[in-house]
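Note sheet for the following structure.
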Amino acid sequence: MQTRNSKTQYGWVAVLFHWLMAPAIIGMFALGWWMVGLSYYDPWYRQGPDIHKSVGILLFALLVARLLWRWINVEPAPEPAPRWQQRVAGAAHWLMYGLLLAIFLSGYLISTADGRAIDVFNWFSVPATLQGLENQEDIAGVIHEWLAWILMGLVVIHGLAAFKHHFVNKDRTLKKMLGRAPHE
Amino acid sequence: MKKLAVLLFATLIGASAQAAEYQFDTKGAHAFVQFRIKHLGYSWLYGRFDKFDGSFVYDEAKPEDASVQVTVDTTSLNSNHAERDKHLRGKDFLNVDKFPTATFKSTAFEPKGDGKALLKGDLTLHGVTKPITIDVEEIGGGKDPWGGYRQGFTGTTEFKLKDFGIDYDLGPASQTVEMILDVEGIRQ
């Protein structure tokens with residue numbers, strides 16, 4: 001399997017980015033949703049948010065690397081479909097990138113609102129920058145939660161669309177993202 | 001009858017002239033609304049409300065007529081930790097989206113001598129109104145260096161969070177919160 005993308009095929013780097021981040025992002029949503037309901041004496045009360053913040057920072061770094069990789073690679077041509085569908089799909093992909101960035105940023109602004117740094121798995125820490133805005137942690141918190149729900153809505157549509165391409169249209173959309181099946 | 005009316009009028013004038021109204025010195029931040037609650041039963045956690053306002057009526061000659069009212073902006077909670085503040089403002093605790101203010105209105109003031117007193121009144125917190133009693137101590141009062149007249153008190157009270165409908169479990173040692181109120185009023 002090739003490293004870089006071609007006109008017809010994703011390279012393994014792009015495939016790896018996608019399948020590394022997809023379960024991590026969905027898992028982060030589940031973790032975030034679950035951890036805010038924990039009781040004070042739950043062993044996960046501190047561990048859950050620690051992991052959520054650490055993984056969030058790492059995902060941000062991955063997304064930046066992914067966008068750079070995308071920028072220096074060609075995009076495989078989309079499967080034949082009506083023009084509007086291709087446009088909507090393209091817009092949805094960019095919307096997901098944008099939502100992810102906004103979610104990472106708002107999450108970061110919650111935890112660093114008072115100037116505290118975010119510790120990533122006791123490995124390194126990310127210092128606060130923008131801090132001390134009026135009720136910063138509350139406003140960032142509302143944005144973080146809403147955007148996460150919107151992103152999950154898009155993820156569901158994105159997944160359903162992939163299955164529709166695979167089972168209804170029987171085209172190579174999903175196979176390409178799995179890094180398989182070059183043109184026979 | 002006319003005599004009585006004159007006497008009554010004179011008494012009213014006299015009373016209103018002595019019982020001065022004081023505004024909390026929030027502008028100069030010589031007033032604090034603080035709380036403390038035990039963490040796990042191992043230490044005290046302190047927090048405060050940064051935004052509030054209030055006034056009191058106080059007459060040194062007739063302290064039993066004193067009255068106090070305070071309005072607290074619950075969104076201004078500050079415990080020196082943003083993530084904790086967010087949690088305390090949220091639905092598990094103060095639910096400030098729904099209950100952005102807490103108020104206290106006194107109903108009685110009972111001097112106990114030695115500058116100490118019991119201040120009784122209704123506290124509205126988290127949408128629940130309940131009577132509470134605040135132990136008050138007069139710290140001092142008199143002219144300030146800038147042409148004004150001030151009077152200051154400290155007050156403490158405690159209540160169970162559950163009594164005000166806040167039932168997030170912080171553990172058996174953390175059921176009760178103490179409030180520490182320090183105010184300096186400027187005579188109007």
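Numbers restart at 1 for each chain; the letters A, B, ... are given by sequence-line order, proteins then strands.
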Partners meeting salt bridge (charged side-chain N to carboxylate O under 4.0 Å, His left out) with B:K51 (sequence neighbours left out) | A:E134
Return yes if some donor-acceptor pair links the side-chain N/O of A:N5 with the main-chain N/O of A:P76 below 3.5 Å, else return no.
-> no
Any side-chain heavy-atom pair of B:S43 and B:K38 under 4.5 Å = no
Heavy-atom distances under 4.5 Å only: say whether B:D92 touches chain A with side chain, backbone, both or neither.
-> side chain
May I ask you to decide whether A:E79 forms a salt bridge with A:K176, counting only side-chain N to carboxylate O separations under 4.0 Å?
-> yes
Output the residues of residues 110-124 of chain B for which the shortest heavy-atom distance to chain A is under 4.5 Å, in residue-number order; output 'none' if no such residue exists.
-> none
In terms of heavy-atom proximity below 4.5 Å to chain A, should B:H81 be classed as side chain, backbone, both, or neither?
-> both
When you measure from the side chain of A:W19 to the backbone N and O of A:M177, does any donor-acceptor pair fall under 3.5 Å?
-> yes
Does a side-chain N-to-carboxylate-O contact under 4.0 Å join B:K86 and A:D138?
-> no
Should the pair B:K27-B:D25 be classified as a salt bridge under the 4.0 Å nitrogen-to-oxygen rule?
-> no
